[in-house]
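The chains referred to below are lettered A, B, ... by the order of the sequence lines, with proteins before strands, and numbering in each begins at 1. What you see below is based on every heavy atom in this structure, not just the backbone, and it leaves out hydrogens, waters and symmetry mates.
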Amino acid sequence: MTQISLSFPDGSVREYNSGITPSEVAKSIAKSLSKKAISATVNSQHWDLSWPISEDAKITLHTMKDDIQANELVRHDLAHIMARAVQEIWPETKVTIGPVIENGWYYDFDRDDPFSPEDLGLIETKMKSIINACDEVTTEVWDRSRALDYYRQTNEPYKVELVEAIPESEPIRMYWHGTWQDLCRGPHLQHTGQVPADAFKLMSIAGAFWRGDSNRAMLQRIYGVAFTSKDKLKAYLHMRDEAAKRDHRKIGREMNLYHMQAEAPGQVFWHPNGWTIYTTLQDYMRRKQRAGGYVEVNTPQVVERKLWEQSGHWEKYQEHMFIVEVEEEHAQEKAINALKPMNCPCHVEIFKHGLKSYRDLPFRIAEFGSCNRYEPSGALHGLMRVRGFTQDDAHIFVTEDQIEQECVRFIEFLTDVYNDLGFPTYTIRFADRPDIRVGNDDTWDRAEKALLDATKKITDNVELNQGDGAFYGPKLEFVLTDAIGRDWQCGTFQVDFVLPERLDASYIGADGARHRPIMLHRAALGSFERFIGILIEEHAGKLPFWLAPIQVVVASIISDTIDYVHETVEQLRRAGVRAEADIRNEKINFKVREHSVNKVPIILAIGMREVKDQTVTIRRLGAKQTRIQDRETVTRELSQEATPPDLCTHP
RNA sequence: GCUGCUGUAGCUCAGAGGUAGAGCACUCCCUUGGUAAGGGAGAGGUCGAGAGUUCAAUUCUCUCCAGCAGCACCA
């Protein structure tokens, strides 16, 4: 028998016979450890306690206290337990796959009758009885033909396909939870009773395509969440409730920001409050862009098909464009146009107008570009995914050796903007060449290097998004993380070798000859709609003062103060503060409650005392305390506070 | 687009094969009250749209539209 040596986290090394399992290793160290161990990490691979180790390795034994491993095992075992429960209740159901995901797992099933929400309770009960049975979990490695025969015999076509897809080099491993068998990579716990029966919950049923392919069968997916303890599950469910309260669709209604209706799906009816946020944000971006060296342009909404054919969008995105057909008076055929789904081709046309010299580069044009895309109905989601939206779009025409400097410049610009808007940290994803692409490898090499070098000048915090670049060039994606940990991709910076070529854009170089510029696409916010959605959720509706649609409500306590209230509102408005009067015949308690619910940042209460002393009583949203202060001072301070961050004279 | 669920007053929701109800909001009246809901009265609905079954449909069935969750998609 060959000997192997295992080294432990504490630095110690022990000798064992080859083929020893982590379970036996644990037993050799301490009885208590062997009881508590649930899995191991062997040479940085998560390892089942029952798998043999046949070579020298680094080993770490895990217990339920190791959250990462424990969660994975609990969730993975629950996936099997759920599949078993489903097949015990409905034996005709076919099983497919059931991976662990963030916070839980899912399992995809194929059956004629879809699951109903009531079925979830049934399944949960069955799962608990499987857990209580403490059935042993066992595993074997099978050879390919045995596995295929088995799944053909048991009439599990999806499993047959899965086995066939496993590369020859990899073992085919089976697991049993009791007598219930599933193809699985592992690892797992040792018996079903190790799964905490009170720390999981089945959440929802949804359709999902087999192998993520919309041309293949639609399966029934059940989602579950699971943790290592009941308290952790409770904490998670609580967090989820909190997230739901921040939903911009709910807050948008409550704060009367916008609405949508069936006659214009995916398009926004901005109400006065919402439009105030929108225009305030747009005014801010306009100033920033001007200061950042961009010139602003505006281009047509309805553009003839021909241009989209030239740009290549017609071929690729035709079915996602709003087509506008017009019976033109003297034309032989109908004129076919499309609402612009993007601004790039129009910007190229502006660049092309009049000869450009290399001295004109970098040529930066920006547009608050209204775009319309016929997004699939199932993709629409509040302000986050709409059919009509406005991008803070810009295109920069450059020579190849200007890419890096423009990229640095943009990242600085974007950092500044995100900072002002309350997102001091963000992550950058670098998406490099996809398999299907245009342009030669030399060009890609240089473009990718330029982007990476530029990014690294500013931050080391870059994630690689391999192969996810556009077919026309590499890109950077700027991702914000909101207050409850969700990621939102907003900004983008893309290098494009293709469009200038397709639309035949050129400039005159120092050598007097025509050259092809490279086009950089970039946006900081992405779309105003989406960004406002993110702002609302990030702040739970309590926007920074300068963005709040109504900044101040001046509320009368008794009707004798109405003139003073109006006067105060006028004074605030003259000072650039968005103020409203509330002189309704209601108690001050009522008014405070209502405006607080509506998230108005400041309430100024006016009674006879204030009128007599020329003061106001100021109350900030969320504060219990109020404070009486001279009216002129308050006006001055609020005016200061209402100033957008880029116009503030003091830090 | 696909699977499932949902659609009743401005909002949140209840209801039943015999053409509708609550709370909040709204209007009016009383109340002039000092920091998170004062009291009373009133008005408001082709029950998402269309078709079918039925003596009778908002309720059952089908089709469509929209929304929600997820999948697929996102230039």
When only distance counts, do a donor and an acceptor, one from the side chain of A/Glu610 and one from the base of B/G34, lie under 3.5 Å apart?
yes
How many Å lie between [atom1] on [X] and [atom2] on [N], as a whole number?
X        : N     : atom1 : atom2 : result
A/Asn589 : B/U35 : CG    : C1'   : 6 Å
A/Asn598 : B/A25 : CG    : C1'   : 11 Å
A/Leu339 : B/A75 : CG    : P     : 19 Å

| query | Counting side-chain heavy atoms from C-beta on, which of B/A75, B/G4, B/A66 comes nearest to A/Tyr472? | reply |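 Of the options given, the side chain of A/Tyr472 lies nearest B/A75.
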- Message: The side chain of A/Arg373 is closest to which nucleotide in this list: B/A69, B/C2, B/C74?
- Response: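 Of all the options, the side chain of A/Arg373 is nearest to B/C74.
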Paired nucleotide for B/U61 [Watson-Crick or G-U wobble; both distances under 3.5 Å]:
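By the stated definition (distances under 3.5 Å), B/A51 pairs with B/U61.
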Any base atoms under 4.0 Å from [X], or only sugar-phosphate, or nothing? Heavy atoms, all strands.
X        : result
A/His595 : nothing
A/Thr617 : base
A/Pro376 : base
A/Met384 : nothing

Roughly how far apart, to the nearest Å, are B/G50 and B/A16 at atom P?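 To the nearest whole Å, 25 Å.
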Between B/G45 and B/A25, how far is it from one C1' atom to the other, in whole Å?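 Their C1' atoms lie roughly 16 Å apart.
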Only one of A/Asn372, A/Val303, A/Leu339 passes side chain to side chain contact (heavy atoms under 4.5 Å, CB included) with A/Val324, and that residue is A/Leu339
A/Tyr158 vs A/Trp210 aromatic rings, parallel, tilted or perpendicular, using cut-offs 30° and 60°?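 Geometry flag for A/Trp210 against A/Tyr158: perpendicular rings.
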For the residue pair A/Tyr418 and A/Phe423, does the interplanar ring angle fall in the parallel (under 30°), tilted (30 to 60°) or perpendicular (over 60°) class?
perpendicular
